[in-house]
Amino acid sequence: MAKYYDEIPESLIEWVRKQHMFWVASAPLGSDGHVNVSPKGTADCFHVVNSQRVWYQDLTGSGVETISHIRENGRITILFHSFEGPPRILRLYGIGTVYEFGTQEYESLIPPETRKPGSRAAIVIDVYQCQTSCGYAVPIYDFVTHRTQLLRSFDMKESRDRATASTEIDPKGLRAYWVLKNLSSVDGLPGLLTAPDSKATCLGVFDKEGPRPKLNRLPSGDVDVLRTGSTLAVGFAIGALVATALPRILSVAGNFSIRA
């Protein structure tokens, strides 16, 4: 059964801090605008200030919907749910504020030593309502690790920006990517306003020598076994079908020959 609160219960704050990912939902005011839902999942990205204020470090992506929607109307919903342990869904309804890379507020929330490659904004949310529900339909998953492809990609782009004079934009750098992808939403609402022209140095902290997550692919031998097993199964099925149908076919054919 759903329960509503005017603030985040203390008992849930620690649970929130342990979650590995969350979803962000937002929408423009226009009835024909695109409703957006974005997954967020890098480690130490989400922060709880108190029972009525949270914020997260917003990393660069191919779109800028959340930032654009917040600029227009402020509405935002954060969704957490349990993949491990007892089932639970948590929604945080709030009013968001965008602090772009290079602003004083951004620098205060995300100093260089905690900045991730591709960091473009701090999204601060004043929570006015909190809702919990059962989460019984959410599957159980085991967390393995966070992916690093996004961080590695933007670390390389930031490196190109650092190697370029401050008055220029490297076409393969992060600032150029912001100009190309993050200036407006799919509905044409303004996105990033000041970050591309900021004089602040793009410097994210990232362990380049750290392990790269690997998918659990089956060894080639196991794949061959599966293929062989599938082939045998199909062969047995066809054999059973023929064994069942052949006597009937022969019987019909024999009766036809006698009548002929």
Side-chain angles (χ1 to χ4, degrees), residues 1-5 8-26 35-49 51 54-63 65-66 76-94 110 113-123 125 127 130-156 204-230 233:
M1 180 180 293
K3 295 182 179 179
Y4 291 87
Y5 307 87
I8 308 172
E10 186 68 28
S11 60
L12 292 179
I13 290 179
E14 283 306 311
W15 177 81
V16 165
R17 288 173 174 154
K18 293 177 182 177
Q19 301 311 302
H20 299 296
M21 69 176 298
F22 59 97
W23 282 258
V24 177
S26 62
V35 176
N36 184 67
V37 179
S38 296
K40 308 291 183 182
T42 57
D44 302 320
C45 175
F46 193 87
H47 305 269
V48 179
V49 179
S51 63
V54 300
W55 68 275
Y56 68 90
Q57 184 171 181
D58 187 49
L59 304 186
T60 300
S62 57
E65 301 303 294
T66 304
I76 185 170
T77 298
I78 305 292
L79 171 70
F80 289 93
H81 61 67
S82 292
F83 285 116
E84 303 169 308
R88 173 181 288 150
I89 290 175
L90 171 66
R91 294 178 178 89
L92 305 178
Y93 302 98
I110 312 175
E113 60 268 21
T114 64
R115 196 168 299 165
K116 298 176 183 293
S119 180
R120 64 183 175 185
I123 308 297
I125 301 144
V127 178
C130 169
Q131 181 214 46
T132 59
S133 54
C134 65
Y136 292 163
V138 177
I140 296 175
Y141 288 99
D142 289 328
F143 175 74
V144 178
T145 187
H146 287 285
R147 301 178 190 269
T148 61
Q149 289 97 321
L150 184 143
L151 300 178
R152 293 182 185 278
S153 173
F154 287 121
D155 180 67
M156 290 188 290
V205 178
F206 177 61
D207 181 8
K208 303 177 184 62
E209 304 303 321
R212 296 172 181 252
K214 295 182 179 180
L215 297 178
N216 293 324
R217 293 189 174 92
L218 287 173
S220 58
D222 291 347
V223 173
D224 292 338
V225 170
L226 287 176
R227 288 173 178 169
T228 302
S230 298

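One-based numbering along the sequence shown. It should be emphasised that the depicted structure is a prediction, and the values quoted were computed from it without experimental measurement.
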pair [X]-[Y]: side-chain heavy atoms closer than 4.5 Å:
X: Tyr5; Y: Thr132; value: yes
X: Met21; Y: Phe143; value: no
X: His81; Y: Phe83; value: yes
X: Ile123; Y: Ile76; value: yes
X: Leu12; Y: Leu90; value: yes
X: Asp44; Y: Thr114; value: no
X: Phe46; Y: Lys40; value: no

Can you name the closest pair of heavy atoms from [X] and [Y] and give their distance?
X: Cys130; Y: Leu92; value: SG-CD2, 3.9 Å
X: Gln57; Y: Arg115; value: OE1-CA, 3.6 Å
X: His20; Y: His146; value: O-CE1, 3.2 Å
X: Gly135; Y: Pro87; value: O-CB, 3.5 Å
X: Ile110; Y: Ser119; value: CD1-OG, 4.2 Å

- Aromatic ring pairing Trp55/His47, orientation class (parallel under 30°, perpendicular over 60°, tilted between): parallel
- Task: Check the angle between the aromatic planes of Trp15 and Phe80 and answer parallel, tilted or perpendicular using the 30° and 60° thresholds.
- Result: perpendicular
- Could you give all pairs that pass the salt bridge (charged side-chain N to carboxylate O under 4.0 Å, His left out) test and reach residues 12-26, with sequence neighbours left out? Glu14-Arg17
- Do side-chain atoms of Ser133 reach the backbone of Ala2 as a donor and acceptor pair under 3.5 angstrom? no
- Value for OG1 (Thr66) from CG (Asp58), rounded to nearest 0.5 Å, stands at 6.5 Å
